[in-house]
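So the structure is just underneath, and the comments pick up after that.
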Amino acid sequence: MPLAIYVLALGIFTQGTSEFMLSGLLPDIASDLGVSIPDAGLLISAFAVGMVVGAPLLAIATMRWPRRTTLVALQLVFIGAHVAGALAPGYWILFATRIVSAVSYAGFWAVAVATGVGLVAPNARSRAVAVIASGLTLATIVGVPAGTLLSQSAGWRAVFWAVAALTAISLVCSLLTIRESAEAQGEARSAAAELRALARPQLWLSYVITALTFGSVIVTFSYLASLLTGVTGLSAQWVPAQLALFGVGALLGMSIGGRTAQAHPVGTLLCGLSVLVLTSALLAVVGDNVLVTTVLVFALGVSGFVTNPALQSRVFVLAPGAPTLVGAGNTSAFNIGNTLAPMLGGLTISAGLGFASVAWVGAAIGAAALLTTVWAGYLQHRTAQPGTAPRARAAV
């Protein structure tokens with residue numbers, strides 16, 4: 001893999017840490033700014049909404065920019081937003097900085113994946129995507145716990161400063177490793193041409209699979225700490241270890257998926273989703289058993305993220321004429337699942353069904369993703385019948 005691929009992963013790591021770090025900072029932020037915990041929690045929702053909207057908007061706005069220029073500019077905005085957040089005197093200014101951060105991060109995601117895919121041979125695209133996306137997995141394993149510890153010792157504002165500093169390092173590395181010559185093809189593209197290339201039903205079906213698949217794992221993960229303490233009976237001090245175990249499983253799943261997704265994208269999705277549905281259902285049924293739950297938390301990470309490289313790379317095959325917007329659409333799809341699925345889980349908890357109910361929600365969403373993937377596989381098989389043009393076969 002080119003060094004630039006790992007630099008892009010570093011950028012995802014630094015910014016991805018910011019995406020999830022508020023889960024450990026909410027009490028301190030609420031206390032410091034004089035707001036309730038639910039109000040502080042809206043900062044997380046603001047980030048998710050910014051991700052959904054920001055990816056396609058920035059992809060279009062920066063379409064004619066060289067990709068290195070785009071990546072650096074988006075990181076500069078991200079750094080500025082975090083400096084402003086660290087200095088924020090009140091809640092609403094911090095709220096605004098979270099939206100700006102999310103919009104720039106979403107744009108970075110989309111352009112980073114498109115850049116990474118363009119830097120490697122076609123048969124290495126899934127692995128390149130897996131390496132880039134592993135930055136987010138490392139953020140959950142290393143970045144978020146480290147941010148929580150830093151907050152406990154130096155305050156939540158120190159975490160914002162640390163993220164800004166790490167992103168600045170990533171920016172310098174981007175300048176040094178990503179060459180403009182690798183972006184020549186992207187410079188000539190127009191938004192109108194890429195929008196026309198998106199007009200494929202199979203692509204939008206893939207976006208649905210992306211939203212459902214990520215929603216299936218994130219709904220359980222969002223309430224995993226509550227499930228572990230309220231259902232499994234673990235003490236709070238063991239929760240970070242369980243979350244880290246999930247992250248290790250996710251990293252392993254990403255590695256496996258990166259090696260299988262290029263040749264067998266639909267098969268990778270079917271296998272991963274099948275295990276994800278089974279794991280979620282078992283968590284709902286036997287979540288009171290500590291040993292079994294520990295194994296299932298690891299399996300949830302593996303099955304939830306083994307699908308990621310296939311979800312990320314397959315869309316570039318479905319719409320090769322839209323290398324920037326197709327990734328932006330997929331980023332939005334991921335965050336639609338990230339936003340709506342936890343809301344569904346919250347509704348079941350509010351209805352008095354208990355924390356285990358969120359695992360049933362995950363199983364149900366995963367089953368919907370599995371059925372949708374079966375339909376996508378059927379379309380692939382039908383398109384690949386004798387007499388179909390090679391280009392059409394590759395595009396499903």
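Hydrogens, waters and symmetry mates are skipped; everything else that's a heavy atom, side chains included, is used.
Between Phe305 and Phe214, the ring planes are perpendicular. Angles over 60° get that label, and only those under 30° would be called parallel. Aromatic ring pairs are classed by plane angle as parallel below 30°, tilted from 30° to 60° and perpendicular above 60°; the pair Tyr105 and Trp109 is tilted. Taking the six-membered ring for Trp and thresholds of 30 and 60 degrees, Trp156 and Phe160 have ring planes more than 60 degrees apart, a perpendicular arrangement.
A distance of 6.0 Å or more separates the ring centres of Phe355 and Tyr223. Taking the centre of each ring, Phe221 and Phe246 come in below the 6.0 Å mark.
Put simply, the side chain of Thr232 never gets that close to the backbone of Thr229: no donor and acceptor are under 3.5 Å apart. Judged by distance alone, with hydrogens and angles left aside, the side-chain atoms of Arg67 form no donor-acceptor pair with the main-chain N or O of Ala112 at under 3.5 Å. When atom types are taken as modelled, the side chain of Ser255 and the backbone of Leu252 share no donor-acceptor pair closer than 3.5 angstrom.
Within the 4.5 Å cutoff, the side chain of Val111 has no heavy atoms near those of the Trp65 side chain. Counting heavy atoms from C-beta on, the side chains of Phe334 and Leu311 come closer than 4.5 Å. At a threshold of 4.5 Å between non-hydrogen side-chain atoms, the residues Leu370 and Leu270 count as touching.
Applying side-chain contact (heavy atoms from CB on, under 4.5 Å) to Ile5 and the options Ile132, Val117, Thr115 leaves one that passes, Ile132.
Of the N and O atoms on the side chains of His82 and Ser18, at least one donor lies less than 3.5 Å from an acceptor on the other residue.
Put simply, Val113 and Met1 are part of the same group of oily side chains (I, L, V, M, F, W, Y) that touch within less than 4.5 Å, one to the next.
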